[in-house]
Amino acid sequence: MAARRVAVTGAGVVSPLGTTVEEFQRSLAAGRSGIRRLAPELAERSGVQVGATVDWNPAPLFSDAEAANLDRASQFALAAAAQAVAASSLQMENLNRDRIGVCWGTGMGGAHTQETSYQQVYGAGEWRVRPLTVIMGMNNAAGSNVAVRHGLRGPFANYSTACSSSAMALGEAMRAIAAGRADAMIAGGSEALLTPGILVAWQALRTLAPADPADAAASCKPFDKRRAGLVLGEGAAAFMLEEESRARARGARIYGVLTGYGNSCDAVHMSRPDRDGQIRAMNEALREAGLSPQDVGYINAHGTATAVGDVVEAEAINAVFGPAAREVRVSSTKSLHGHLLGGSGALEFAAALLALEQGILPPTGFLDQPDPACALRHVARDAERVAPPRAVMSNSFAFGGSNVVLVAARA
Amino acid sequence: MDTLARIRQLAAKEFSINPDGLDPSAPLDTLGIDSLSFIEFMFKVEEEFGVTVSDEDLKAIKTLSDLERHVAAALTAAGKV
């Protein structure tokens, strides 16, 4: 059987940089940051000063009753998935939906719902919670809601591997189609966990950036000498993935071909990243894609702006790319949209597609003083316009040591 | 027990090492202490003494003696000594 290739035929985004793909990509192209000082009710108790929130109004998409029964992360997921379906022009009701599934990624699932219920019982001492608490709060709520909403009866999987969750979801969705278990998949991720009780736990890790005193929007500075840690974000991104020949036969817009998926584990430390694990994941993705390092024109780095993480990733990229590391352009868009944790892989894949499809390389914002220990060809401060590259890479390196790398090639 | 002795006890327990073998003037990063374990240890020091060790404070704390000086100063400032 000829190898089945996987085309991206639809995309949807709900992010701190906009609640459509177009807004998101315009913000990236403008180097605009969605990082702000957090509201006092979040900042004062947790000590976390900055974050990247979604300017969210559920009303256009959900009735009050519907919204009340969906965790914030599920609302984001449904909105992004609906955009991806619409963008694909697939009429779901006319398709054999036994052959269309969902792969979703999230770190904490329905965090707001969980927080509300704990507040009720441990805070207020009221040992009564909404019956829907489990259904709204469970880790797979977002992905399952997407499947229910679109009637998708094909393979379903929900991945929770911290910062690599939704990159893994995309890769595994690709595998399902390539293996002939599905003809199309909705793949993506979501995260909404900016609650006081969760932020205080992140603050305790001493890895979050304080507010930049001159400009809160510039608080996340990957690869910069002045970097001071990560900034948490929220949001969702979703993609329609389809078996390529079917996509071409119906004349679909093809954003790119998802052609490589590397998945490795550091197995060294629960939080400190390991260069070797990252190298193996990048090499696996390239090998599967049948590409050499010099074919990759742009890498959307994991680049969380931690002291250690950025250096380890830069070393890994240099080890994999060798002389080609002097050419491949690299940026971390976490500088602009924050770290979406379980949702980051999917959102950053959307950023990488901007480079692949349109040749617009999104920048690492605020990169004024590149750290010499991060020797990369940075896209610094401003986006750059280039001839669309042959292929792009997106890195996601997680707490727990999971490494996922995705490679997409021109259609 | 004086402050330094209490800190050494806490460190010995946290990192499973003999407190007598803990040199108060040795740089902390030579004690083979993992970064995550270190911030857990700081949390326990804060709890034990009722003081705060901020990220800013940490920049000046390179040895157990530095930590003891910081804790002692914080306790004095809080009128707890």
Side-chain angles (χ1 to χ4, degrees), chain A residues 38 43-51 162-163 197-213 216 219-221 224-232 266-275 277 304-313 373 397-402, chain B residues 3-4 6-17 22 24 26-75 77-80:
Chain A
L38 288 172
E44 272 157 25
R45 286 181 286 171
S46 67
V48 177
Q49 296 171 2
V50 285
C163 325
I198 292 164
L199 287 172
V200 76
W202 275 94
Q203 184 70 351
L205 263 181
R206 298 188 189 250
T207 195
L208 299 182
D212 182 301
S219 299
C220 182
K221 294 193 249 300
D224 194 291
K225 284 185 211 164
R226 303 159 300 161
R227 65 189 182 278
L230 59 95
V231 173
L232 293 174
D266 288 347
V268 173
H269 193 270
M270 288 301 285
S271 62
R272 198 177 57 244
D274 184 68
R275 193 177 61 193
T304 54
T306 61
V308 168
D310 289 1
V311 173
V312 172
E313 182 172 13
F397 304 137
F399 275 173
S402 165
Chain B
T3 304
L4 183 61
R6 279 164 75 191
I7 289 174
R8 281 169 94 167
Q9 280 275 349
L10 266 181
K13 199 165 151 197
E14 186 68 30
F15 310 122
S16 302
I17 39 186
L22 272 173
L28 289 163
D29 53 23
T30 63
L31 297 177
I33 295 167
D34 166 273
S35 53
L36 261 186
S37 303
F38 184 73
I39 54 178
E40 274 284 320
F41 172 57
M42 283 302 131
F43 180 76
K44 293 193 167 86
V45 167
E46 289 176 321
E47 294 272 288
E48 169 81 8
F49 295 100
V51 299
T52 301
V53 184
S54 71
D55 289 345
E56 203 51 46
D57 297 330
L58 271 181
K59 290 179 185 170
I61 294 172
K62 302 291 179 208
T63 66
L64 286 181
S65 292
D66 291 337
L67 181 58
E68 190 251 337
R69 267 189 289 277
H70 171 83
V71 170
L75 288 173
K80 291 180 187 172

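Please read all numbers here as calculations on a predicted model, not as lab measurements. So that the names make sense, note that chain A is the first sequence line, chain B the second, and so on, each numbered from 1. Basis for what follows: all heavy atoms, side chains included, without hydrogens, waters or symmetry-related copies.
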Among residues at least two apart in sequence or on other chains, which ones pass side chain to side chain donor-acceptor pair (under 3.5 Å) with B:Glu14?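 So B:Glu14 forms a side chain to side chain donor-acceptor pair (under 3.5 Å) with B:Lys44.
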Name all residues meeting the side chain to side chain donor-acceptor pair (under 3.5 Å) criterion together with B:Glu48; count only those two or more places apart in sequence or in a different chain, and write none if there are none. B:Arg6
If the condition is ring-ring contact (aromatic ring centres under 6.0 Å, His included), which residues does B:Phe49 pass it with, not counting sequence neighbours?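 Partners of B:Phe49 by the ring-ring contact (aromatic ring centres under 6.0 Å, His included) criterion come out as none, since no residue qualifies.
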Counting only non-hydrogen atoms closer than 4.5 Å, can you tell me which residues of residues 53-63 of chain B sit against chain A? B:Val53, B:Ser54, B:Asp55, B:Leu58
Shortest non-hydrogen contact from B:Leu36 toward A:Leu205: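 Where B:Leu36 meets A:Leu205 most closely, the heavy atoms are CD2-CD2, 3.6 Å.
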Would you say CZ of B:Arg8 has more than 12 non-hydrogen atoms from neighbouring residues, nucleotides or ligands within 6.0 angstrom?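 Atom CZ in B:Arg8 is packed in, count exceeds 12.
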